[in-house]
There are 2 protein chains.
Amino acid sequence: MGIIFDKEKEVIEPKPNNTDTSEDVEDSGRGHNNIDNNMRGSTPVDPWGSGLGESDVKPVGKRIRTVAMRLGEKSEEIIVLGTELAVKLYSLAPSHSTSFSIEKTDNVTLRFNKGESDSNEIPGSGMSGSMFSRDAVVYISIATVSNMWNDSQVKFEFKAANGEVAGESLLLLTSIALSLDADINRNGSVEETFEVDKSRWTWGPNGQGAIILVNCDNESVRADGERDTEDLWRNGKDDLLDMSMLVINFRGPNLEESGLPRDYRLRLHTSVETSTKVGIYSLEGTPFWDSKRQVIGKKRKQVEISFQKLNLLRDGQVRFAVEGIQYPDYDFDGIVPIHLSLFQVEDDVQLPIFKDTVTFRVSPWIMTPNNLKPKEVFVCEMRSQKSRNFVENLRELTKEVGVNLTVVKPGHNRGDRWMQDEIEFGYSEAPHKYMPVVLDSPRDRGLTNYPIFSLLGKDFGYVTRETYLEEPNSLDSFGNLEVSPPVKVNGVSFPFGKILIGGTLPGAFNERRMLKVIRNFLSAQKVQPLVELFSDWLTVGHIDEFMTFVPTNDKKSFKLLMASPDCCYSILKKLNREGHGELVLFEGKKSDADGLVNAERTVKDLLRDTDLDKYNKTKQRYLDWNRDTLKRELGLTEEDVIDVPALFHTVDGTGADAIFPGMVNMLVLGNHLGIPKPFGPKIQGICQFESYMRDQLEPLGVHCHFINDWESYHVLLGEIHCGTNTRREPFAYKWWNMEF
Amino acid sequence: MGIIFDKEKEVIEPKPNNTDTSEDVEDSGRGHNNIDNNMRGSTPVDPWGSGLGESDVKPVGKRIRTVAMRLGEKSEEIIVLGTELAVKLYSLAPSHSTSFSIEKTDNVTLRFNKGESDSNEIPGSGMSGSMFSRDAVVYISIATVSNMWNDSQVKFEFKAANGEVAGESLLLLTSIALSLDADINRNGSVEETFEVDKSRWTWGPNGQGAIILVNCDNESVRADGERDTEDLWRNGKDDLLDMSMLVINFRGPNLEESGLPRDYRLRLHTSVETSTKVGIYSLEGTPFWDSKRQVIGKKRKQVEISFQKLNLLRDGQVRFAVEGIQYPDYDFDGIVPIHLSLFQVEDDVQLPIFKDTVTFRVSPWIMTPNNLKPKEVFVCEMRSQKSRNFVENLRELTKEVGVNLTVVKPGHNRGDRWMQDEIEFGYSEAPHKYMPVVLDSPRDRGLTNYPIFSLLGKDFGYVTRETYLEEPNSLDSFGNLEVSPPVKVNGVSFPFGKILIGGTLPGAFNERRMLKVIRNFLSAQKVQPLVELFSDWLTVGHIDEFMTFVPTNDKKSFKLLMASPDCCYSILKKLNREGHGELVLFEGKKSDADGLVNAERTVKDLLRDTDLDKYNKTKQRYLDWNRDTLKRELGLTEEDVIDVPALFHTVDGTGADAIFPGMVNMLVLGNHLGIPKPFGPKIQGICQFESYMRDQLEPLGVHCHFINDWESYHVLLGEIHCGTNTRREPFAYKWWNMEF
């Protein structure tokens, strides 16, 4: 059995666990020694049992604590289940003794270190020996919890050569069960553990270590636009479900009884650094703490647990909920260790006699590539009939595909139609919880408030990166942030693909790049390595202007589509050669004063434009540089790439813009593509660019839907992809199963 | 053959390499294709050959660059040896062509990607085919360097179904050899490489990646106390020998000839971050640069290499020397990538058509444990006869052991006798160079200027960590910084041991700890993990007050010695029981007004002191906590620890001090120990504490020398170890062979 949060009540309840092995443990007849199985199993009716027998979490052996004893004296010690006390026999024994005997209560197990002494273990009673070496040590362990103080004993007796008793010492023992537990085997529930190194966090299907989410959604009833990470309170049961369980398991007599020789203190604590990365809440409420307020967080790095109150709790469990406060970043690797220490107080020094550490890792923020199933498409409707027409066309497509369409009306989009650029949808995940999380671009135009006021909410998280050191530029818009499908490169798998951003060329300086704070954030997520492409040659400078990924039904399951002037010229020359030189491109379109709209033009006329040819030859070189880089970084072959006809020109003499709607700048919804209508030359009413696209893609099981975006996006230097955004299903694969 | 720095001249020379395999390569008959062997071997008389055949540096395959061609046009391209040019045949071919043929000069190798085309490779001439699929690509490589521009050609011809020529294109090729090379196989010399991923740096005996030293010694004739890292100049040939070689290997025609269709630029460059971690100097001098000034460093992150001048150089090699500027730290992992890029310039865009990256790692700073051979002992002489006596005793010991003794006279030590506390000796190492480096403590007392003015010098480095955020305390003295011998813990080897420092207990706050800047520095060195012990209970608070390591002749080869009141009481009680209760400890010593000196006292009297007994029982618990921690962290058994008699008392009611000279606070010189004379109870003139020590250590091949330090150190709360320091031989094991 394990424990999980109850989804209905603001409490936690035991959860049946099908793989409970506690009975098997009893069957094995290990009796008091069954803690060797790394789980509590001291009583057959133990309701907590174990989920650990099935995991690969390895025991690290008992922790040893040396206890100080003196001849002729009585000592009292606490022993924690799963640990050993060490008594240095040679230090305790009188110098003229030649033999010793040790008696013990039944529940005590003794172990004698090797060395030169001939010792005998006498099961059930004790051990004795005739002499002992310099380094003789007796190790003491107990497998059951004491019912009362000092109910276990070990008695040491030393005899001189003449048979007289040379000295004796008595060790009175109180055994307690104490552990700090979390979902270290990642099965969604918490098990009590012994002798396991819970401080290690390891990757992979055989890895171990608990996981927390950054609690960046908003379940506060008080504040709009404020994330749950920003307050020091927990906001009802829904907020609790975002968090991970942390449990102190304690059984044993009250350690605060009066008359005890020493004081004991039990504390949950973190380092100063960690305390800024985490919020911990108690689920116990009074008599412990104000249960809604952080017990550990940026204002408190430790909390004391009262034994008096501990003994009042059901099963001696103190239950906490843990939230992440920050995503991994350049200065934070996502690792969050939490410690539980039992201190023995003497002379104002609090000596830790037992320490248990649980290490959490903060879930990364994960991007969703085009091959994941779409759940919701977002688009802005502007105050124009053309925009409304576009939205209607999009509605038809989403209806056909069966995806929800969310239309952001003029009042909310505040004149900003670039839905792709303001946000990037992603998610975080823990074994107990999936949370979609939107990354908000530092690009702050009309849509700037949309993510925080309209997307952030219950179970919908929000994260952003901003800086006062640099000014955002066009490359910080998230049309410039994409992610590949899963790839394998030189034998190494990237099950979440690689993140792609646009920037400048290696070795170039003082050019436009994405802000360092964003690049740092993306890199630090680790599960999707970052690849920087060359997009600065474009006026807008976004990689979605020249590339996309389309899911296909062939073996590789996707194609990389790349804009290609070479491909476009090849089609046009073929048409010309075949006698179609008088066909018209961009039919009915007219130049405007700014030259942004491209007028109707014949194939022949366009092919005669040597300046255009030369200009596009250069752009093809930049595209080929990106193409070579993508093939190398994603392990793609030539067969994995489809060239898409495109032509570029420049208006201001610096940056390049698409002459006709960039078809790669498409909306990908499963095997349905919403492609900007290219207005290419028509034969018998069929656009030859469209027909090229259908020829390439339809054999791969992909359906092409050409949508007119000329007036609503193209003339403003964007296309359908720039004007939409898509929330997708998460990967089925779990990020913690990656191997590094 | 490889190249190394010439130790005599300020230049570099080719060095014969015994493992030269270039002849073998020729024997294999690979001819022009022998670059597959990842080395230059294009001519039988090639003087550079390879040292790489013997290493585990794996080829990563040829990098591919797509080149843009147009039908009916002549293109000119540069091809770098070890790379391939890709021509998209389907993009180049006229649409009505049905077959193609390719002719080429002899030195060109063609490869056709798979796909549906039936193509034939025709050795020596070219290839042809009858049709080609959408993704047909021809890959072109050349294995020899061009003697002149455009001396290689590939001609593409396309034919229509009727047999007429449908179109043709000509590709004129100039092949060059270009690589950035360093000692990536760590054999002390630099080899030219092809098709190897030199950007990877990996640990282990089969690892790859070059190494640099932090150039923190001082070979400047101008400045005293200034490290070579602090200037932007190189300081003569000695300074050069501290650096690592970086070589641009270039062969081919001049790329700056007039009349070429494009401009080319060759640049060595780093990121902004890396440029602050490294200094790069040219060894070529004029006509290149001022050879003494950094060409890359914190003021310059790139440098242009002129082809005109390149062709003037012997063998087309531009040689650089690289120095590290910073040790690894919390914000720097020691990894330093340097790039060489060849840019093709067109329309003001510099497109990198070839990039080679060499990654260096900065050598960590490594501490030297007691089991390493001592080279030099340092001690301060004070203005007193007792100090002079102590120094004389020490001189005898070092003479016997055969180690140099350096005595810092009163004028230089400025009244500060604590030689251990001001500095820690360590070293850094690269395959070509070993450099001792002193770590200077932020503790700034009388000896503060000693390390920078008296130790720092030619081939003797200096590093320190300071902060304005925290005030140093006694725990920042380096009596509180030690390192264990090599250990194995739970199957994991630590061939350089672990670093040990003293601090406070886990879970305690606002107590004394070593400064975070020092802890960060030590952790970041990585090869010696950091373990924090509990030393704050002592007035001075240094771990050398209660522990040391002694090399022994048994299997484990060392013992951990730990101060133990239990052990002391055990000896005293034995004496008392055997009728020696009237023996005198601390004979002739008197209390002074401050109570710092402990008066003569009998065994019986001391045993009657119940307050002292109680006090030491508590201290034994702290020591046992450290003992348990050390055993766990260093993988030690009880047999690996020797208890050393010690007693503690408190004068001010807070911190603990040793009552009699702390014997663990010793000077370890091989198997000779300089131990503080304990002034214990004597039987027949033999001190029983000394005799206990001899009994424990002499069977292990260790010689004990007891030296009186009572007045010169003990009464001032230190002992021999505190008052001395030892420079030792480095480990034979190389740090880059560690595996992580």
Side-chain angles (χ1 to χ4, degrees), chain A residues 60 63-68 70-71 86 88 91 94-96 113-115 134-137 267 269 301-302 331 339 341 343 346-347 349-352 355 490 505-509 537 564 566-567 570 573-574 577-578 617-618 620-622 624-625 627-628 631-632 637-639 641-643 696, chain B residues 60 63-68 70-71 86 88 91 94-96 113-115 134-137 267 269 301-302 331 339 341 343 346-347 349-352 355 490 505-509 537 564 566-567 570 573-574 577-578 617-618 620-622 624-625 627-628 631-632 637-639 641-643 696:
Chain A
V60 290
R63 280 177 75 110
I64 295 167
R65 176 165 72 95
T66 301
V67 291
R70 288 291 178 84
L71 206 61
K88 291 182 279 180
S91 189
S95 54
H96 61 299
N113 77 317
K114 60 183 187 313
R134 185 188 62 77
D135 47 22
V137 177
R267 277 207 299 273
H269 55 107
K301 53 194 179 301
Q302 57 171 314
D331 57 353
H339 315 284
S341 290
F343 299 87
E346 205 171 297
D347 295 335
V349 171
Q350 306 198 352
L351 197 70
K355 185 181 174 191
N490 294 329
L505 286 166
F509 293 99
W537 56 278
S564 169
D566 269 6
C567 177
S570 166
K573 283 178 176 171
K574 179 167 185 274
R577 206 164 35 233
E578 289 169 354
K617 207 167 173 177
T618 310
Q620 184 67 52
R621 293 179 66 238
Y622 304 161
D624 283 342
W625 189 90
R627 205 173 182 278
D628 290 341
K631 283 168 70 179
R632 190 172 58 245
T637 67
E638 193 58 32
E639 289 81 358
V641 191
I642 292 178
D643 285 325
Q696 298 294 327
Chain B
V60 291
R63 280 177 75 110
I64 295 167
R65 175 165 72 94
T66 301
V67 292
R70 287 292 178 85
L71 206 62
K88 292 182 280 181
S91 188
S95 53
H96 62 297
N113 76 317
K114 61 184 186 315
R134 183 189 62 78
D135 47 21
V137 176
R267 278 207 298 272
H269 55 107
K301 53 195 179 300
Q302 57 171 316
D331 58 354
H339 315 284
S341 290
F343 299 87
E346 205 171 297
D347 296 334
V349 171
Q350 306 199 352
L351 197 70
K355 185 181 174 190
N490 294 328
L505 286 166
F509 294 98
W537 57 277
S564 170
D566 269 6
C567 177
S570 165
K573 282 179 178 173
K574 179 166 184 273
R577 205 164 35 237
E578 290 169 353
K617 205 166 174 179
T618 310
Q620 184 66 53
R621 293 179 65 237
Y622 304 160
D624 283 342
W625 189 90
R627 205 173 183 276
D628 290 341
K631 283 169 69 179
R632 191 171 57 245
T637 67
E638 193 59 31
E639 289 81 357
V641 191
I642 292 178
D643 285 324
Q696 298 294 328

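Letters A, B, ... mirror the listed sequences (proteins, then strands); counts begin at 1.
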Does any heavy atom of chain A fall under 4.5 Å from the side chain of Arg621(B), the backbone, both, or neither of them?
-> both
All side chain to side chain donor-acceptor pair (under 3.5 Å) counterparts of Arg65(A), not counting sequence neighbours | Glu77(A)
Okay, side chain of Asp628(A), backbone of Thr66(B): is any donor-acceptor separation there less than 3.5 Å?
-> yes
Residue part contacting chain A, namely of Lys355(B), when any heavy atom lies under 4.5 Å | side chain
For chain A, find which of Lys573(B), His339(B), Arg627(B) contributes the most heavy-atom pairs closer than 4.5 angstrom.
-> Arg627(B)
Heavy-atom closest pair, residues Gln350(A) and Leu505(B) | O-CD1, 3.1 Å
Who wins among Pro352(A), Ser341(A), Ala68(A) for the most heavy-atom pairs under 4.5 Å with chain B?
-> Pro352(A)
Residue set satisfying side chain to side chain donor-acceptor pair (under 3.5 Å) with Lys631(A), at least two apart, ordered chain then number -> Glu638(A)
Gln620(B) versus chain A, the contacting section by heavy-atom distance below 4.5 Å = side chain
Options Arg632(A), Arg577(A), Lys574(A), ranked by heavy-atom pairs under 4.5 Å with chain B, top entry = Arg577(A)
Nearest-0.5 Å distance that lies between atom NZ in Lys88(B) and atom OG in Ser570(A) | 10.5 Å
For chain B, the option from Leu351(A), Asp566(A), Ile64(A) that forms the most heavy-atom pairs under 4.5 Å = Leu351(A)
